[in-house]
Amino acid sequence: MTYPFSAVVGLDDLKLALVLNAVSPRVGGVLVRGEKGTAKSTIVRALAAQLPAVDVLAGCRFACDPRLPDPQCPDGPHEPGEQVVTRAASLVELPVGASEDRLVGSLDLERALTEGVKAFEPGLLAAAHRGVLYVDEVNLLHDHLVDLLLDAAALGTCYVEREAVSVRHAARFLLVGTMNPEEGELRPQLLDRFGLTVEVRASRDPAERAEVVRRRMAHDADPDGFAAGWTAQEAALAEGIAAARERLASVELPDARLRQIAEVCAAFEVDGLRADLVTAHAAVAHAAWRGSPVVTTEDVRVAARLSLPHRRRRDPFDAPGLDEQLLEDLLTRTSGDESPDDENPDDDGPGGSRPSGDPDGAHGPDDSRGAEGSEGPEGPEGSDGCDESGGRDGSGDRRGADAVGSGGEEVPPRDRTSRDRTSRPEASREEASGERGGEVAGVAAPYRVPWLKVPGLGDGASGRRSRARTPHGRTTGARAPEGPLRSLHLTATIAAAAPYQRERGRTGPGLLVRGEDLREAVKEGREGNLVLFVVDASGSMAARRRMTTVKTAVMSLLLDAYQRRDKVGLVTFRGAAAEVALPPTSSVEAGAARLRALPTGGRTPLAAGLARAAEVLRVERLRDPDRRPLLVVVTDGRATSGGDVGRAAALLTGTAAVVVDCESGPVRLGLAGRLAARLRAHLVPLDGMDDLIRDYRKAG
């Protein structure tokens with residue numbers, strides 16, 4: 001039994017965002033960002049149960065509306081008088097590991113070649129038509145799949161073009177994506193494609209948390225009885241959504257409010273015009289939800305709060321957010337031409353006023369809650385929800401160059417002075433601090449770094465760093481399919497079938513093809529890797545005021561990892577031991593935050609750092625065996641404690657590695673170069689990055 005939507009405690013912004021999309025799919029979907037255990041999945045599934053039932057043509061796999069069937073439906077053309085069935089709005093969940101064929105549908109190539117039948121198998125976008133498409137952990141979905149589903153959501157149409165077959169069908173759905181920012185952010189261009197975004201956090205109020213647990217336990221003990229206690233609220237919600245849908249077309253958006261929306265979006269410096277369109281659609285939907293015939297400043301305020309935060313992200317390491325005071329100032333300045341009647345619509349209209357105790361109107365015009373909040377069967381509403389359950393010496397010799405190379409990418413020389421512009425003052429003391437304390441150096445603006453990659457051909461997740469066999473990329477060969485045929489290699493299939501035509505009794509012009517003749521294309525693209533940073537944070541680095549330069553270099557490498565779709569991890573060593581500051585994760589932003597706060601000082605347990613890195617890589621290989629690691633050691637090579645460096649380096653044999661040499665001054669010991677030789681790593685001098693870039697370019 002689905003947990004009732006109305007019984008979820010608090011989460012008013014999220015409820016409102018979902019309801020606005022249910023009223024008007026043109027709003028463009030909802031992205032729910034929040035920590036684990038905050039009822040993200042629960043509330044999405046609960047909403048689907050409250051959507052009005054839909055009439056569909058019997059036998060149509062694409063859920064065509066009998067009143068206006070899709071003229072290009074692959075199961076059409078539909079004739080008048082076909083049988084009509086009524087069913088609940090669909091809830092389709094897209095798993096993280098879904099393929100492109102599963103999402104958009106595919107042609108059954110085996111039947112097409114062996115039986116001569118054009119058999120198109122619809123995908124999840126067809127199943128979600130006129131319902132809800134829910135993507136949990138959307139930030140972990142491959143970028144090309146996110147692009148596909150967002151394009152379909154924006155256009156209301158799914159296009160399938162492959163194997164000389166063109167299929168088009170309607171795909172209008174309420175798109176909801178949920179994500180935990182700790183596991184990595186969506187890229188800004190994908191964030192922008194979601195209409196609204198909501199941040200959810202668990203309440204810190206013990207009374208509210210207790211109410212969450214009370215309701216959850218009551219539901220688990222008796223799901224049917226619990227749901228029965230919320231029948232009235234659920235019915236009112238469903239009726240409110242249906243009524244708002246009917247009113248939507250008649251809601252007026254005055255020019256004054258449209259100018260207000262444009263001024264707000266321009267003042268917040270959002271890119272493009274999608275923010276203006278989404279805000280306008282959301283404001284109209286909110287007015288319809290309230291039962292107002294005209295959009296007011298309050299509708300614009302609510303819409304802007306939901307549509308603009310994720311479009312304010314300027315830097316890859318920035319978190320979405322919105323300046324609420326600036327928004328209020330803009331709305332106050334631009335609402336002077338609004339009449340009192342517009343600001344306070346007739347409370348006796350079809351939707352009535354916003355219910356008392358529900359500041360965002362999430363429970364709809366027919367919510368029965370009074371001035372003190374709702375009194376459902378499990379207690380008062382008003383808290384957050386709960387989810388269901390080597391060597392380089394002075395001559396510049398670089399060793400181990402075969403381990404990690406350049407991709408030949410054109411990289412403009414960076415401004416060397418940029419590393420001296422720190423975001424916060426560097427610590428005034430030059431000497432190393434104690435092992436328990438530590439100074440925190442600033443970070444300057446990141447710069448472009450050379451393209452480092454893992455040698456060989458991998459099979460990891462799609463990315464932009466190292467060569468790999470991937471579902472997308474250039475075709476490099478053909479092979480017999482190991483499972484369902486996904487990407488036909490036509491030339492290889494014909495070559496496999498041609499020698500047997502006479503034996504098979506071919507008499508006509510056609511080619512006789514059997515299942516064993518089929519060949520699929522082998523494609524080569526690029527993969528994302530696990531980039532594990534091992535950073536020396538000891539006093540030998542801090543004493544020379546080098547940590548700002550080092551942090552800036554690592555931040556630049558983190559930015560490169562972000563752009564190349566890598567997972568990252570961070571091991572630091574100082575004092576007496578090494579620690580995992582950031583376990584391997586897709587959240588490069590978390591790595592940047594840990595790096596900024598990294599203290600320095602103490603002795604240099606280099607061997608402990610290498611040993612801890614080896615352990616992290618060992619565990620990660622068990623979890624994700626296809627993702628190849630790239631080890632980046634940032635150190636001056638000194639080792640004043642922590643054991644035998646040579647023995648620790650031997651634990652990393654076979655791992656592609658880079659050593660960033662942080663040694664400076666006129667007299668250099670070449671210790672980082674010796675470490676690079678032990679690791680068979682590529683040596684990158686911190687102060688000679690531009691020279692290295694030019695060498696890479698010459699080498700091609």
Mind running side-chain contact (heavy atoms from CB on, under 4.5 Å) on Leu91 and Arg45 for me, showing each step along the way?
-> CA-CA 7 Å; Leu91 170 63; Arg45 296 186 178 99; 3.9 Å; yes

Run the numbers on Glu527 and Arg465 for salt bridge (Lys or Arg N to Asp or Glu O under 4.0 Å), then give the verdict.
-> CA-CA 6 Å; Glu527 67 179 359; Arg465 183 171 298 278; over 6 Å; no

Hey, mind stepping through Cys662 and Asp536 against side-chain contact (heavy atoms from CB on, under 4.5 Å) and telling me if it holds?
-> CA-CA 9 Å; Cys662 300; Asp536 183 350; over 6 Å; no

Give the intermediate values and the outcome of side-chain contact (heavy atoms from CB on, under 4.5 Å) for residues Leu31 and His310.
-> CA-CA 9 Å; Leu31 176 65; His310 58 303; 5.5 Å; no

Step by step, would you call Leu652 with Leu617 a side-chain contact (heavy atoms from CB on, under 4.5 Å)?
-> CA-CA 9 Å; Leu652 294 164; Leu617 293 179; 3.9 Å; yes

Would you please test Arg612 and Glu615 for salt bridge (Lys or Arg N to Asp or Glu O under 4.0 Å) and show each step?
-> CA-CA 5 Å; Arg612 180 59 63 91; Glu615 177 63 17; over 6 Å; no

Could you check Glu520 against Arg479 for salt bridge (Lys or Arg N to Asp or Glu O under 4.0 Å), going step by step and ending with a plain yes or no?
-> CA-CA 6 Å; Glu520 65 180 6; Arg479 65 184 177 191; 3.1 Å; yes

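In this structure, His682 contributes its side chain and Val660 its backbone to no donor-acceptor pair below 3.5 Å. Between the Arg594 side chain and the Ala581 main chain, a donor and an acceptor come within less than 3.5 Å of each other. Looking at Ser538, its side chain never comes within 3.5 Å of a backbone N or O of Thr604 through a donor-acceptor pair. No side-chain donor-acceptor contact under 3.5 Å links Arg628 to the backbone of Asn529. Arg209 places a side-chain N or O within donor-acceptor distance of the main-chain N or O of Ser203, the cut-off being under 3.5 Å. In this structure, Thr635 contributes its side chain and Gly637 its backbone to a donor-acceptor pair below 3.5 Å.
Across all non-hydrogen atoms, the minimal contact from Ala128 to Leu133 is CB-CB, 3.9 Å. Listed here is the closest heavy atom pair of Gly591 and Leu570: O-CD2, 4.5 Å. The heavy-atom pair separating Leu530 from Gly569 by the smallest distance is CD1-N, 4.4 Å. Heavy-atom minimum distance, Ala613 versus Val534: CB-CG2, 3.6 Å. Looking at every heavy atom in both residues, Ala649 comes nearest to Arg678 through CB-CB, 4.1 Å. Taking all atoms of both residues into account, the shortest heavy-atom contact from Leu174 to Leu18 is CD1-O, 4.0 Å.
When side chains are defined from C-beta on, Val645 does not count as touching Arg674, because their heavy atoms never get closer than 4.5 Å. Leu308 places a side-chain heavy atom less than 4.5 Å from the side chain of Val270. Proximity of Val554 to Leu598: side-chain heavy atoms (C-beta onward) are nowhere separated by under 4.5 Å. The side-chain heavy atoms of Glu579 and Phe573, taken from C-beta on, include no pair separated by under 4.5 Å. For the pair Val616 and Pro584, the minimum side-chain heavy-atom distance is below 4.5 Å. For the pair Glu663/Leu669, a side-chain contact is recorded, criterion being any heavy-atom separation below 4.5 Å from C-beta on. The shortest side-chain heavy-atom distance between Val30 and Val32 falls under the 4.5 Å cut-off. Side-chain contact check for Leu148 versus Val104: some heavy-atom pair is nearer than 4.5 Å.
Screening Leu145, Leu149, Thr178 against Val135 for a side-chain contact (heavy atoms from CB on, under 4.5 Å) leaves a single residue, Leu149.
Taking CG of Leu94 as the start and CG of Asp136 as the end, the distance is 10.0 Å to the nearest 0.5 Å. How far CG of Asp566 is from OG1 of Thr585: 12.5 Å, rounded to the nearest 0.5 Å. For the atom pair CG (Leu125) and CG (Leu103), the distance works out to 4.0 Å, reported to the nearest 0.5 Å. One finds the CG atom of Leu671 at 6.5 Å from the CZ atom of Arg638 (value rounded to the nearest 0.5 Å). Between the CG atom of Leu557 and the CZ atom of Arg564 there is a distance of 11.0 Å, given to the nearest 0.5 Å. Lys567 contributes atom NZ, which lies 10.5 Å from atom CG of Leu582 (distance to the nearest 0.5 angstrom).
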